[in-house]
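By convention in this document, chain letters (A, B, ...) are assigned in the order of the sequence lines, proteins followed by strands, and residues within each chain are numbered from 1. Given the structure is predicted, the values throughout are model-derived calculations rather than measurements.
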Number of protein chains: 2
Amino acid sequence: MKMTTVGLRERKKQKTRIALIDAALDLFLAEGYDITTVDQIAAAVDVSPRTFFRYFASKEEVALSPCRDGQEIFESELAARPGDESPYQAVMRAMRTTLATVRDGDPAEADRFVKVRRLMKETPSLIAGQMCMIAQSERRLTEEVARRRGTDVDDLHTQFVVSVLTTINRVCLEHGPDDPAPLLERMERTIAIAERCLRPGWDR
Amino acid sequence: MKMTTVGLRERKKQKTRIALIDAALDLFLAEGYDITTVDQIAAAVDVSPRTFFRYFASKEEVALSPCRDGQEIFESELAARPGDESPYQAVMRAMRTTLATVRDGDPAEADRFVKVRRLMKETPSLIAGQMCMIAQSERRLTEEVARRRGTDVDDLHTQFVVSVLTTINRVCLEHGPDDPAPLLERMERTIAIAERCLRPGWDR
DNA sequence: TAACTTATGTCACCCCATGACAAATGACAA
DNA sequence: TTGTCATTTGTCATGGGGTGACATAAGTTA
């Protein structure tokens, strides 16, 4: 008869993980991403540098980890959208609920989200990693869209649709405000523009 | 009364630069990008490792340098487009002439172009850098498009247009063939799809 | 040829990242 | 509680990427 299932061990791991992320984010924002060393981050959490790399594969990963979380939320939201929605509808609605989730969920989590956005704006060296994440997510999105459109992932039109969808999200996120609420507003405005530019049924 | 202007010094520099690029590309393709070390590249050209970093800021930069060249061609082609063309027209035509330039220009240069494309397809660690380049170019493209549309660079519609234009190019280049000629064909097919999806005047 | 400028090599150094091994710590059953 | 086991952690050693400093070699110019 297992209760919470999570033992002390697992809880400790989660705690150091969060501690590493928070320490890293604060150091990055205070001192600058490039200058801050992994040793400093580890020291701030009172952990050996080697341990840091057992939690995160790279310095970049710890910085972008809240991003990754948001992306996972988005992807599960997208998978939960009914199958009769068009790719465009499904993606936009999933995006809306994702931002709303961040806005209304754990404040600490939302705080990290905002911090990462602030950090990325002032750190060109992180753009590469961010773009890489987007590219990966785009590959997964392609499968989802191909399913909804009933084509192969190699279909040129499907690839175009995916790229445009990613683009809409990117226009929002890239230069938008940091806080979830105004970000959601920008999202609506971007969607309005997209719908003025695209022919009805373009994504079918 | 200056003649060729380029002295022995400058010629030598160009030669080692090219030699480094070619040696790097061949090593990367033969052994793999991640495994190949800068020391190996430098040794292949009979140059000190320190000198390598005087030519290229990073191992990534030497790999992507032909890409960068192509992008510069594109940007000068774009700047040369008449001002009365819409952003979409200007970008697509600049893209066409760029690919044609690569196809019809120096075979050695085209060869490097093809090699880089082959390399990128099998090297995930290079995607980040490539995406970063695209992001940078997108920022410059934004200024050009803002000029043509007569808006500020912060204009949301302008940002949307830029993203869609970048997207069209990316759909082409990302999963397309390596050789310039078939790539040009894929470009035309992508353009056709884009025009079926977008409302006339969407980029104005 | 001499003086100057610039590229190169050598050296030292820091940071990121990883494998190996031993020590510490939580999990679990007797 | 105690002993055993599994997992996490720290320490150590190693290698590659990347940079500053300085002396030397090589091209440039008078």
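The side chain of A/Leu8 lies closest to C/dG26, out of D/dT9, D/dG10, C/dG26.
For B/Arg54 and A/Arg50, each mapped to the nucleotide of DNA chain D holding its nearest heavy atom, the one lying further toward the 5' end belongs to A/Arg50.
Side-chain N/O atoms of A/Lys13 include one lying less than 4.0 angstrom from OP1 or OP2 on D/dT8. Listed pair B/Lys59 / D/dG16 fails the phosphate criterion, with no side-chain N or O lying under 4.0 Å from OP1 or OP2. Under 4.0 angstrom from either OP1 or OP2 of C/dG9 there lies at least one side-chain N or O belonging to B/Thr51.
In this entry the distance linking CD of B/Glu61 with P of D/dG18 reads 10 Å, nearest Å. Atom CZ in A/Phe56 sits about 14 Å away from atom P in C/dT18, given to the nearest Å. D/dA25 atom P lies 14 Å from atom NZ of B/Lys12, rounded to whole Å. Taking atom CZ of B/Phe52 as the reference point, atom C1' of C/dG9 lies 16 Å away to the nearest angstrom. In this structure, A/Asp46 atom CG and D/dT11 atom C1' are separated by 15 Å, rounded to whole Å. Distance OH (A/Tyr33) to C1' (C/dC16): 10 Å, rounded to an integer number of Å. Here C/dT25 presents its C1' atom at 15 Å from NZ of A/Lys15, a figure rounded to the nearest Å. The distance from atom CZ of B/Phe53 to atom C1' of C/dC15 is 13 Å, rounded to the nearest whole Å.
A cation-pi arrangement is absent between B/Lys13 and B/Tyr55, since the terminal nitrogen or guanidinium carbon is not both under 6.0 Å from the aromatic centre and inside a 45° cone about the axis. The cationic group of B/Lys59 does not satisfy the cation-pi geometry with B/Phe53, failing either the under 6.0 Å distance to the six-membered ring centre or the 45° limit from the ring axis.
Backbone-only contact: B/Tyr55 has heavy atoms under 4.0 Å from sugar-phosphate atoms and none from a base. At the heavy-atom level, A/Thr37 lies under 4.0 Å from the strands shown only through sugar-phosphate atoms.
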Exercise. Go through the steps to decide whether B/Glu138 and A/Arg170 satisfy the test salt bridge (charged side-chain N to carboxylate O under 4.0 Å, His left out), and finish with yes or no.
Key: CA-CA 12 Å; B/Glu138 197 169 53; A/Arg170 223 158 51 71; 3.0 Å; yes
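A distance-only check finds a donor-acceptor pair linking the side chain of B/Asp155 to the backbone of B/His157 [under 3.5 Å].
On a pure distance criterion of 3.5 Å, a polar donor-acceptor pair joins the side chain of B/Arg9 and the base of C/dT6.
Side-chain contact annotation: B/Ser86 with B/Arg204, donor-acceptor N/O pair under 3.5 Å absent.
Base pairing of C/dA30 is made with D/dT1, judged by Watson-Crick or G-U wobble geometry with both donor-acceptor distances under 3.5 Å.
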